[in-house]
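Step one of this worksheet: look at the structure below.
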2 protein chains.
Amino acid sequence: MTGDYLAIGELGRRTGTKVETIRYYERIGLFAAPGRTAGNYRAYGPAHVNRLSFIRRSRDLGFSLDQIRALLDLADQRDRSCDAVDVIAREHLAEVDRKIADLRALRRELDSMIAQCRCGTVADCRIIEALSPQS
Amino acid sequence: MTGDYLAIGELGRRTGTKVETIRYYERIGLFAAPGRTAGNYRAYGPAHVNRLSFIRRSRDLGFSLDQIRALLDLADQRDRSCDAVDVIAREHLAEVDRKIADLRALRRELDSMIAQCRCGTVADCRIIEALSPQS
DNA sequence: TATGGACCCTGTAGTAACTACAGGGTCAAG
DNA sequence: CTTGACCCTGTAGTTACTACAGGGTCCATA
């Protein structure tokens, strides 16, 4: 790859993204299609590296692709108020809190279920019993 | 529906399951196909209600369909040791613990990101900054 | 110069666990 | 005898990728 352009594999390596995932992001319109070389290879510049890093970091923090799309749009309108960014982040935080609470409740149930297992036969297994309808 | 057989809609109501989901479970071989009426309607008996309740309860506790398949198989072999049941439940518990830990770490990051937002313009938004590559 | 292997291309299908139709048939009440 | 609620099959959509198949490109080495 000539100059400072990167092939898709190198971009993937630098951003911790699989090649298929990059092509997928391009296909769904999340990540802009780059120029091509004479041999029809995608040629990425520094701006692409930044953009994809932003996407990956957001994914790591659990934002959905739709949320990331909105964040990217906002990030490009540099002189507008960042309220909208804050809203997205706070909504996501609330969702994470909800998930944590759900998992904690679930954990308690699983734990008490397992605690009752005396590991005899299935016929008197407390886990199976706990899963079965009371009727 | 004659006698004490239930139509799919009634079964769904009694077990808190959508009709499409019941048909889906049947299609993937998780939930046995029942007999049919003259008009080709599915006709469910009490055993079906129990089975589906078991499946739903397991789903509510976050077991995957594959895990439930295994649990159902085991639940039917009533004179075998219930060690295998215990193993599935413990594996699931460990996974839930992992997820809780991951979400907690994520929550901390999100929280500190949001805490820094002074809500000025996007140009100096700390959230966007936190998501952007450091380079 | 030929060739081998690493890389790239497109397009499609698979994953989990459903959900949502479209286009029809059945059944009971009025 | 018609209306509306219910049922049937089959297919396609959802999220966020992942995994091929079947080919082309590029570069270093023999």
Side-chain angles (χ1 to χ4, degrees), chain A residues 1-3 5-31 33-44 48 52 54-72 91-92 95-96 99 102 106, chain B residues 1-3 5-31 33-44 48 52 54-72 91-92 95-96 99 102 106:
Chain A
M1 196 111 320
T2 56
Y5 287 100
L6 308 176
I8 196 166
E10 185 55 30
L11 176 65
R13 240 163 278 130
R14 292 202 191 178
T15 58
T17 316
K18 294 200 174 167
V19 164
E20 288 92 345
T21 304
I22 298 174
R23 284 196 284 246
Y24 168 70
Y25 287 163
E26 181 182 315
R27 200 163 59 246
I28 64 170
L30 182 68
F31 187 53
R36 298 285 179 123
T37 66
N40 199 32
Y41 284 19
R42 288 170 180 83
Y44 296 99
H48 280 104
L52 188 53
F54 185 104
I55 294 172
R56 292 312 296 181
R57 172 120 181 87
S58 303
R59 283 298 295 145
D60 285 347
L61 288 172
F63 287 95
S64 72
L65 295 187
D66 265 1
Q67 287 174 319
I68 295 172
R69 221 186 285 270
L71 286 173
L72 283 170
E91 269 173 14
H92 182 43
E95 208 183 297
V96 169
K99 277 187 192 162
D102 285 356
L106 200 146
Chain B
M1 198 111 319
T2 58
Y5 287 100
L6 307 176
I8 197 168
E10 185 55 29
L11 177 65
R13 241 164 276 131
R14 293 202 191 177
T15 59
T17 316
K18 295 200 174 164
V19 165
E20 288 93 344
T21 305
I22 298 174
R23 285 198 282 247
Y24 167 70
Y25 287 163
E26 182 182 316
R27 202 164 56 246
I28 64 168
L30 182 67
F31 187 51
R36 297 286 179 122
T37 66
N40 199 32
Y41 284 18
R42 287 171 180 83
Y44 296 99
H48 280 104
L52 188 52
F54 185 103
I55 293 172
R56 292 313 294 181
R57 173 121 181 85
S58 303
R59 282 298 293 146
D60 285 348
L61 287 172
F63 286 95
S64 72
L65 295 187
D66 266 0
Q67 285 175 320
I68 295 172
R69 221 185 285 269
L71 286 173
L72 283 170
E91 270 174 12
H92 182 42
E95 207 182 298
V96 169
K99 277 188 192 162
D102 284 356
L106 200 148

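Naming convention: chains lettered A, B, ... in sequence-line order (proteins, then strands); numbering from 1 in each chain.
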Taking it one step at a time, do A:Arg57 and A:Asp60 satisfy salt bridge (Lys or Arg N to Asp or Glu O under 4.0 Å)?
CA-CA 5 Å; A:Arg57 172 120 181 87; A:Asp60 285 347; 5.7 Å; no
Check whether any side-chain nitrogen or oxygen of A:Arg42 sits under 4.0 Å from OP1 or OP2 of C:dC9, and answer yes or no.
yes
Measure from the side chain of A:Leu65, starting at C-beta and using heavy atoms only, and say which of D:dC17, C:dA17, D:dT25 lies closest.
D:dC17
At under 4.0 Å between heavy atoms, what does A:Arg59 touch on the DNA or RNA strands: base, sugar-phosphate, or nothing?
sugar-phosphate
Which is more 5' along DNA chain D, the nucleotide nearest A:Arg27 or the one nearest A:Ala38? Just name the residue.
A:Arg27
When you check the phosphate oxygens OP1 and OP2 of C:dG25, does a side-chain N or O of B:Arg36 lie under 4.0 Å from one of them?
no
Residue closer to the 5' end of DNA chain D, A:Arg56 versus A:Arg23 (nearest nucleotide):
A:Arg56
Give the rounded distance in Å between these two atoms: CD of B:Glu10 and P of C:dA28.
15 Å
Whole Å only: how far is the CD atom of A:Glu20 from the C1' atom of C:dT10?
13 Å
Taking only the side-chain nitrogens and oxygens of A:Thr37, find out if one of them lies under 4.0 Å from OP1 or OP2 of D:dT25.
no
Between CG of B:Leu65 and CD1 of B:Ile28, what distance do you get to the nearest 0.5 Å?
5.0 Å
Just the rounded figure in Å: distance from P of D:dC7 to CD of B:Glu26.
14 Å
B:Tyr24 OH - D:dC8 P separation (whole Å)
18 Å
Do the side-chain N or O atoms of A:Thr21 get closer than 4.0 angstrom to the phosphate oxygens (OP1, OP2) of D:dT18?
yes
Evaluate the criterion salt bridge (Lys or Arg N to Asp or Glu O under 4.0 Å) for residue pair B:Arg69 and B:Asp66; output intermediate values, then yes/no.
CA-CA 5 Å; B:Arg69 221 185 285 269; B:Asp66 266 0; 3.7 Å; yes
Just how far, in rounded Å, is P of C:dT10 from OH of A:Tyr41?
11 Å
Between A:Leu6 (CG) and C:dC7 (P), how many Å, whole number?
15 Å
By nearest-heavy-atom nucleotide on DNA chain C, the more 5' of B:Phe63 and B:Gly39 is B:Phe63
Mind checking B:Tyr25 for me? I need base, sugar-phosphate or nothing, with any heavy atom below 4.0 Å counting as a touch.
sugar-phosphate
Separation of A:Asp66 atom CG from D:dT14 atom P, in whole Å?
11 Å
From CG of B:Asp60 across to C1' of C:dC18 the rounded distance in Å is 14 Å
Quick one, A:Tyr5 and A:His48 - any side-chain contact, counting heavy atoms below 4.5 Å?
no
Please determine whether a side-chain nitrogen of the Lys or Arg among A:Glu10 and A:Arg13 lies less than 4.0 Å from a carboxylate oxygen of the Asp or Glu.
yes
